[in-house]
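Side chains included, hydrogens not; waters and symmetry mates left out as well; all remaining heavy atoms used. Every value quoted in this text rests on a predicted model; they were computed, and no experiment measured them. In the text below, chain A, chain B and the rest are named by the order of the sequence lines, each starting its count at 1.
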Amino acid sequence: MAIAAERIERLHTFATEAVRAGEQDRARTYVRRARRIAERNRLELPRSISRFSCDRCDVALVPGQNARVRLQDGHVVISCSCGSHDRYPYR
Amino acid sequence: MITPETIARHELVGLHVQVTESTDPTLVGCHGPVVNETTNTLVVRDGSRTRQVPKAIATFAFCLPETDSTVFVDGERLIARPARRTERTGGSQWQ
């Protein structure tokens, strides 16, 4: 089990690096693989990963690079450069 | 932690690798970070080009990041879908 969790962490760091290097498609394959590993090993994706990957296009989100983070009344909106938005409540 | 015991079940993307033996002489010596993996191949960034190395015909030397040591792995042991390699020796109780 521990190996699966470590793999997910590693894949996420490399996905973020790939986005910084401008290789979004490579980042997508890493994020998809991390999700697949979580699914097969019945693990929940860590919140840092589920919030900073796009549900629509699977790319890792890096604010300032391909993601926009905006605070609004009671929720934060994270937008991907593909056009999808995620909203998370805060207090 | 990636150790010689766990490397065949662990994530290979990002590890520095060198092809030490292969039945294809043009692949021997190819080295660089692993950028992708498929069931039967590893994609290695060798300088400015990427090379797709078949696992079945190569022996790889992986650099382990935590301990700074080198592990030689027979490519045969790595043949599996990337997400499924982790499950090969237990781990999941549903297998």
Report, as yes or no, whether the 6.0 Å neighbourhood of atom CD on A/Glu44 holds more than 12 heavy atoms from other residues, nucleotides or ligands.
no
Roughly how far, to the nearest 0.5 Å, is CZ of B/Arg9 from CZ of A/Arg7?
10.0 Å
Measuring from atom CD1 of A/Ile37 to atom CD of B/Glu87, what distance do you get when rounded to the nearest 0.5 angstrom?
9.0 Å
Same cluster for A/Leu11 and B/Val35 if Ile/Leu/Val/Met/Phe/Trp/Tyr side chains link at under 4.5 Å?
yes
Determine, using the 4.5 Å side-chain heavy-atom cutoff (strictly less than), whether A/Tyr88 and A/Ile49 are members of one ILVMFWY cluster.
no
Sub-3.5 Å donor-acceptor pair from the side chain of A/Tyr30 to the main-chain atoms of B/Asn36, do we have one?
no
Atom group of B/Pro65 that falls short of 4.5 Å from chain A, counting heavy atoms
side chain
So CZ of B/Arg84 and CG of A/Asn41: to nearest 0.5 Å the spacing works out to 10.0 Å
Given A/Arg36 and B/Arg81, is the side-chain contact (heavy atoms from CB on, under 4.5 Å) satisfied, shown in steps?
CA-CA 11 Å; A/Arg36 181 71 179 145; B/Arg81 289 188 190 168; 5.6 Å; no
Under 4.5 Å from any heavy atom of chain A - which part of B/Leu15
both
Do B/Thr86 and A/Arg40 make a side-chain contact, defined as non-hydrogen atoms from C-beta onward lying under 4.5 Å apart?
no
Check for me, please, whether A/Val62 and A/Ile8 land in the same ILVMFWY cluster - side-chain distances under 4.5 Å, paths through other members count.
no
Shortest non-hydrogen contact from A/Glu6 toward B/Ile2
OE1-N, 4.4 Å
Are A/Leu45 and A/Val31 in one and the same hydrophobic cluster, where Ile, Leu, Val, Met, Phe, Trp and Tyr link if side-chain heavy atoms are under 4.5 Å apart?
no
Under a single-linkage definition using a 4.5 Å side-chain heavy-atom cutoff for Ile, Leu, Val, Met, Phe, Trp and Tyr, are A/Tyr90 and A/Val77 assigned to the same hydrophobic cluster?
no
Contacting region of A/Glu39 [heavy-atom separation from chain B under 4.5 Å]
neither
So, the side chain of A/Arg10 versus the backbone of B/Gly14: is there a donor-acceptor pair under 3.5 Å, distance only?
no
Is A/Arg87 atom CZ crowded by more than 12 heavy atoms from other residues, nucleotides or ligands, each under 6.0 Å away?
no
